[in-house]
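The sequence lines fix the lettering, A, B, ..., with proteins before strands; numbering per chain opens at 1.
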Amino acid sequence: MYKRVQRYKERLIEGALFLSALFSIFITGGIIAVLFFETFEFFKEVSIIAFLTDTQWTPLFAEKHFGILPLFAGTFLTTVIAITVALPIGLISAIYLSEYATDRVRTMVKPALEVLAAVPTVVYGYFALLFVTPLLQKIIPDLSGFNALSPGIVMGIMIIPIISSLSEDAMHAVPMGLREGAYALGSTRLQVATRVVVPAAFSGIAASFMLGISRAVGETMIVAIAAGQQPRLTLNPLVPIATVTAYIVQVSLGDTPTGTIEYKTIFAVGISLFVVTFGLNMVSYWFKKKFMEVYE
Amino acid sequence: MNRNILSKWFDNIFWVLGFIATLIGLATLIVLILDVLADGVGRLGWQFLTSYPSRRPESAGILSAWIGTIWIMALTTLLSIPLGIMAAVYLEEYSRKNWLTNLIEINIANLAGVPSIIYGLLGLGLFVRAMSLERSLISGAATLAILVLPIVILSTREALRAIPFSIREASYALGATKWQTIRHQVLPAALPGIMTGVILSMSRAVGETAPLIMIGALTYVAFLPASPISSEFPFISIQGLFDPFTVLPIQIFNWVSRPQKGFFADAAAGIIVLLIITFMMNAIAVWMRHKYQKKIRW
């Protein structure tokens, strides 16, 4: 009797735990359902061709245009700037931490880099607007008070820990034997790093790059504060622009009633953002899986 | 011979380069902290902590913001931690390798990378509109709970994975069932690791701004949510859950977006308070991880 009760209890607990794990699927389902529902309503009023090809984004003006290109141009611009900063610095730093640094340096530096990743993004936004932009204006007098350059650079610095930490993990997992072989042939640490370790850890490093890009695309507060919230189809980093994320924030701050076309735009824009980051995350996941298959 | 010397040179140059690259992030962090301190330390004080926001920068404060932040932090913890730990226990201890487990794992990895603003859209569509919870604390906390859930699951799984299998086998050998083994051996042993992850995910929730803007946390709040302790029976009130609110990051964002320069000092002072909270939580997490790694040897 006791045994049977025990067995039911075990089953019940397993069932509850399973439902908790399944809940994550419901979240994704919920995100897709909410985004699709409002986006569907949006496309009843705006043609999908105009949405994808119109070069103006002015849903808050009297003469409404719904072309998402200017918003994506803004996101593209800030992301490219951020990645230009974060990729080389993050990779060089990862090679240093994995191949050059002593254990003592590594154990001190890694938690410190984690602190950098823990700073709330609204703080970086403040820093970009009130410190980095004035500093850059001394070098580039043409720079507008709101621009893509300064938030892009700050975003890049924010992403460095993601890239350096994940790439370092990947390089660390490369078997020592590969390095020893190269050292035995008389290679320097740099040669071992660039010709053996980095190629061997390539898919792990690529996964960290993809994750970094995805973070930059989805970053909101830095660009909402420092980039200016003016949709503009340009690749000039010196003028105010708006990104996909900053536009969503801009609409939410106003008094936009439910059901209006302005309200629906944020879901249509949001689904575009979701699709892009989802793609990047999946590629990153695929690279990581591939890396783990080889070394773990 | 010449080539060898050159290679050695490059090697040393790269050493210096790598060291500098690693320091760039830390140097930026120090500059950021000094900049914020220089701008905001003058505004810090008792009056700043106990005043509501105001139209005049010199008399504005963060009372409603920091109380809102504590509310949100507590509610988010209550909602996300049990669910996250349970999901992690299932995936790490029970799940069999099949397509469904695989799907759940890919899905959680993907959710961890979804931009926070998308969670805001989910919260807006689901909690604020569909469930008619309006712009309340509970809408905000539910949204953030969903946002940190993947982080809790991933870090708990890592903590569970670190527990060697021999512990489980010893427990089974004594006749314990699977759940008894997990409940009395695996979870207690993994607790420090789980707590580290929990604290880190809470620190993430404290700093989140965009999703709470989406669900309509107000930028000007001159009142507090109803207190959870009431003077009448049953002495606990859930009225506060349905009140509008603001949090520290949103108050900071509001002040940064004002054209008047005076509010920048308020924003900087708010940032100092926010950074103290965030850094303290991270320090506790790092300290716990350090202590636990030293103490336990299998």
Taking the side chain as everything from C-beta on, heavy atoms only, tell me whether [X] gets closer than 4.5 Å to [Y].
{"X": "A/L22", "Y": "B/L100", "result": "yes"}
{"X": "B/L275", "Y": "A/P120", "result": "yes"}
{"X": "B/N282", "Y": "A/E114", "result": "no"}
{"X": "A/I25", "Y": "B/I104", "result": "yes"}
{"X": "A/Y126", "Y": "B/D35", "result": "yes"}

Considering all heavy atoms, the nearest [X]-[Y] contact:
{"X": "A/S24", "Y": "B/N107", "result": "O-ND2, 2.8 Å"}
{"X": "A/G270", "Y": "B/L121", "result": "CA-CD1, 3.7 Å"}
{"X": "A/L17", "Y": "B/W179", "result": "CD1-CZ3, 4.3 Å"}
{"X": "A/A16", "Y": "B/M86", "result": "O-CE, 3.9 Å"}
{"X": "B/G25", "Y": "A/L116", "result": "O-CD1, 3.4 Å"}

task = Check each atom of A/I248 against the heavy atoms of chain B and say whether the ones under 4.5 Å are side chain, backbone, both or neither.
result =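 Both backbone and side chain of A/I248 come within 4.5 Å of chain B.
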inquiry  = Please classify the contact of A/F278 with chain B as side chain, backbone, both or neither, using a heavy-atom distance under 4.5 Å.
reply    =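 When you check distances to chain B, atoms from both the backbone and side chain of A/F278 fall under 4.5 Å.
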message = Let me confirm one number: the CD1-CD1 distance from B/I117 to A/I266, rounded to the nearest 0.5 Å.
response =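 Those atoms lie 8.5 Å apart.
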message = Can you tell me how far apart CD1 (B/I106) and NZ (A/K289) are? Round to the nearest 0.5 Å.
response =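 Here the rounded value is 6.5 Å.
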Report which part of [X] has an atom under 4.5 Å of a heavy atom belonging to chain A: side chain, backbone, both, or neither.
{"X": "B/A268", "answer": "both"}
{"X": "B/F10", "answer": "both"}
{"X": "B/Q180", "answer": "both"}
{"X": "B/S7", "answer": "both"}
{"X": "B/L32", "answer": "both"}
{"X": "B/L83", "answer": "both"}
{"X": "B/L29", "answer": "both"}

task = Could you have a look at B/I13, B/L26, B/I85, B/I20 and say which one has the most heavy-atom pairs with chain A under 4.5 angstrom?
result =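 Option with the greatest count: B/L26.
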inquiry  = Run the salt bridge (Lys or Arg N to Asp or Glu O under 4.0 Å) test on A/K288 and B/E105 for me, step by step, so that the C-alpha distance in whole Å, both residues' side-chain angles and the decisive distance to 0.1 Å come before the verdict.
reply    = CA-CA 13 Å; A/K288 200 177 151 203; B/E105 285 190 7; over 6 Å; no
ask   = When A/I27 is tested against each of B/L111, B/L147, B/V114 for side chain to side chain contact (heavy atoms under 4.5 Å, CB included), which residue passes?
value =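 That would be B/L111; it is the only one of B/L111, B/L147, B/V114 passing the side chain to side chain contact (heavy atoms under 4.5 Å, CB included) with A/I27.
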Derivation and outcome, ring-ring contact (aromatic ring centres under 6.0 Å, His included), residues B/F14 and A/Y100 = CA-CA 9 Å; B/F14 194 86; A/Y100 286 78; 5.7 Å; yes
